Amino acid sequence: MMKNRRDVALKVKSVDDSGEFEGYGSVFGVKDSYDDIVVKGAFAKSLEEWREKGSYPALLWQHDHSEPIGIYTDIREDDHGLAVKGRLLIDDDPLAKRAHAHMKAGSLSGLSIGYSLPDGYDYDSEKQAFMIRSIDLWEISLVTFPANDEARVQNVKNLILAGETPHESQVERLLRDAGFSRQRAKAFMAQGYKGLIARDANDHDLEEAANQLLKSIKGEAE
């Protein structure tokens, strides 16, 4: 199983002077920037396994396993999404104190989960989205800002490394992230470089963007 990251806007309901905070790490039923929809119940099995261990996933800074900055005191699903409560160790960890200050100021804008998909996912053609029904939750990080574009590239790499073929909608989205219009991305998907060059032979910047993007994917997959 490949480890993935999923970034969301940090939806903090409250944060107090002691470092305690609560909010949502994921929202159900909403199509996100990855063309994914997390289904209610997706975290249920993983959370039950954590409860059996008597612990919760780690509270990290920027997915750095050497930088825990606090603890989660409660993680559960409700009708809205993955509700989390945590406490930053602001009295003992300067980094946690800095993260707390940014949370209170509103300048810390991202929350990101580290996870794997034990059962994969299925594509709903009507909703044009990947339905995520089961998630193994590994850790939940505070991040400076969500790196959505990088995460999408990594997800495609992970599929290739696992011997799977990325869905065409994922590759098309990567091309659009690289600067392609929707029309040009579709032309590239349908006919490759020749179709793109035939459409606009002078647009070398877009051709170079596609080259760099696909070289990046290929380079890590080899």
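Reckoned from all heavy atoms, side chains included, excluding hydrogens, waters and symmetry mates. Just so you know, residue 1 is the first one in the sequence shown, and it goes up from there. Predicted, not measured: the structure shown is a model, and the values here were computed from it.
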Asker: Grab the two heavy atoms, one from Arg133 and one from Asp122, that are nearest each other, plus how far apart they are.
Answerer: NE-OD2, 2.9 Å
Asker: Could you tell me which residues satisfy salt bridge (Lys or Arg N to Asp or Glu O under 4.0 Å) with Asp78, sequence neighbours excluded, listed by chain and number?
Answerer: none
Asker: Look up atom CD in Glu67 and atom CG in Leu142, then write down how far apart they are to the nearest 0.5 Å.
Answerer: 12.5 Å
Asker: Treating His100 as the side-chain partner and Asp16 as the backbone partner, does any N or O pair qualify as donor plus acceptor under 3.5 Å?
Answerer: yes
Asker: Just verifying a value: how many Å separate Phe130 CZ and Ile37 CD1, rounded to the nearest 0.5 Å?
Answerer: 11.0 Å
Asker: Please report the shortest heavy-atom distance between Trp61 and Ala99, naming the atom on each side.
Answerer: CZ3-CB, 3.8 Å
Asker: Can you measure from OG (Ser112) to CD (Glu139) and round to the nearest 0.5 angstrom?
Answerer: 7.0 Å
Asker: Got a second to check how far Phe28's CZ is from Ile132's CD1, nearest 0.5 Å?
Answerer: 12.5 Å
Asker: Please say yes or no: joined through hydrophobic side-chain contacts below 4.5 Å, possibly via intermediate residues, are Leu88 and Val15 part of one cluster?
Answerer: yes
Asker: Could you tell me whether Glu48 and Arg51 have a side-chain N and a carboxylate O separated by less than 4.0 Å?
Answerer: yes
Asker: Under 6.0 Å from the NZ atom of Lys104, do we count more than 12 heavy atoms belonging to anything else shown?
Answerer: yes
Asker: Applying salt bridge (Lys or Arg N to Asp or Glu O under 4.0 Å), name anything that partners Glu52, two or more places apart in sequence or on another chain.
Answerer: none
Asker: Kindly indicate, with the supporting measurements, whether the criterion side-chain contact (heavy atoms from CB on, under 4.5 Å) is fulfilled by Tyr123 and Gln128.
Answerer: CA-CA 7 Å; Tyr123 188 75; Gln128 296 188 325; 3.7 Å; yes
Asker: From His80 NE2 over to Tyr24 OH, what is the distance, rounded to the nearest 0.5 angstrom?
Answerer: 5.5 Å
Asker: Identify the heavy atoms of Lys127 and Asp124 that sit nearest to each other, and give their distance.
Answerer: N-OD1, 3.0 Å
Asker: Could you walk me through whether Val38 and Val27 pass the side-chain contact (heavy atoms from CB on, under 4.5 Å) test, one step at a time?
Answerer: CA-CA 7 Å; Val38 178; Val27 177; over 6 Å; no
Asker: Distance-only, no hydrogens or angles: does the Lys40 side chain make a donor-acceptor pair with backbone N or O of Glu77 under 3.5 Å?
Answerer: no
Asker: Considering the options Asp136, Ile113, Ile75, which one meets the side chain to side chain contact (heavy atoms under 4.5 Å, CB included) requirement together with Phe43?
Answerer: Ile113
Asker: Judged by atom type as modelled, is there a donor-acceptor pair below 3.5 Å linking the side chain of Trp50 to the main-chain atoms of Leu137?
Answerer: yes
Asker: Nearest 0.5 angstrom please: Leu60 CG to Ile140 CD1, how far?
Answerer: 9.5 Å
